[in-house]
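One structure is given below, encoded as structure tokens.
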Amino acid sequence: MEIKTALLLLAMIMSTSPSHSAYYTRSTAYEPVQLKKTNLRFFFHDNLGGANPTAVQIAGPRDPNNPIPFGSLFAIDDLLTESPELTSRVVGNARGMYLSSGRGDDVALVLYVDLGFTAGRFNGSSLSVFSRNPVAESRREMAVVGGRGMFRKAEGTVFVSTHFVNFTYAVLEYNVEVIHP
Ligand SMILES: *[C@@H]1O[C@H](CO)[C@@H](O)[C@H](O)[C@H]1NC(C)=O
Ligand SMILES: *[C@@H]1O[C@H](CO)[C@@H](O)[C@H](O)[C@H]1NC(C)=O
């Protein structure tokens, strides 16, 4: 009797739940929107040292003579500021990771980062960067492959140059050109 009741209940639940015939919708015409171009300029602070590092090695070999040996993976929560000084206005943070990916003398990182803005018009929006970054070159570019918020479906380029670097601390100038809806 109890089993019969349970089966009856199950049948009732199944008959009232909506029927999903497929995991996709019908395709419809995509209405293109007028895209906009925005340029951004800010400074990226990567600090591997001191009591409060913003980049920490989470995997890979350690080498006292090389802070970023091949195969080392770092998690970052780096500050983005308006001017080169760390004390200047904070405009966002770079969260994600980078991997030291060059086997030779050419130190090359591959960045997987989300540049999130916390000030101004783009507060709450972010840019997704996935690219190699040959850090020894004076001017380098990285690909912006997407974004969130006002940068949803963005694409663009980050031009990076090194403003300051020592063994444990780097200040990088980021000039971004981004195309977005
Ligand atoms: C950025 O947005 C957050 C969330 O809406 C808000 O709390 C914060 O005050 C904003 N910051 C600035 C500088 O506008
Ligand atoms: C690198 O530069 C920063 C900022 O000037 C300084 O605080 C730090 O002590 C320096 N580190 C080394 C290893 O020279």
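It should be emphasised that the depicted structure is a prediction, and the values quoted were computed from it without experimental measurement. We count residues from 1, following the sequence as given. One-based numbering, in listed order, for ligands and for the atoms of each. Note: hydrogens, waters and symmetry copies are ignored here, and every other heavy atom, side chains too, is used.
- Residue T118 approaches ligand 1 through these ligand atoms, each under 4.0 Å from one of its heavy atoms: 11 (N), 12 (C), 13 (C).
- Checking T118 against N123 by side-chain atom types alone, no donor-acceptor pair falls below 3.5 Å.
- N175 and E177 form no side-chain donor-acceptor contact under 3.5 Å, judged by distance and modelled atom types alone.
- Residues V56, I58, M97, L99, V110, Y112, F130, V145 make up the rest of the hydrophobic cluster containing L73, defined by ILVMFWY side-chain heavy atoms closer than 4.5 Å, directly or through other members.
- Judged as a side-chain hydrogen bond (donor to acceptor under 3.5 Å, both in side chains), and not counting sequence neighbours, the contacts of R140 are N133, T162.
- For S125 against F151, the heavy-atom pair with the smallest separation is CB-CD1, 3.9 Å.
- For Y174, there are no side-chain hydrogen bond (donor to acceptor under 3.5 Å, both in side chains) partners at least two apart in sequence or on another chain.
- For the residue pair T54 / D77, no side-chain donor-acceptor distance below 3.5 Å is found, with atom types taken as modelled.
- Within ligand 1, the atoms closer than 4.0 Å to a non-hydrogen atom of N123 are 1 (C), 2 (O), 3 (C), 8 (C), 10 (C), 11 (N), 12 (C), 14 (O), numbered from 1 in the order shown.
- Near ligand 2, heavy-atom contacts under 4.0 Å come from F164, N166, T168, Y169.
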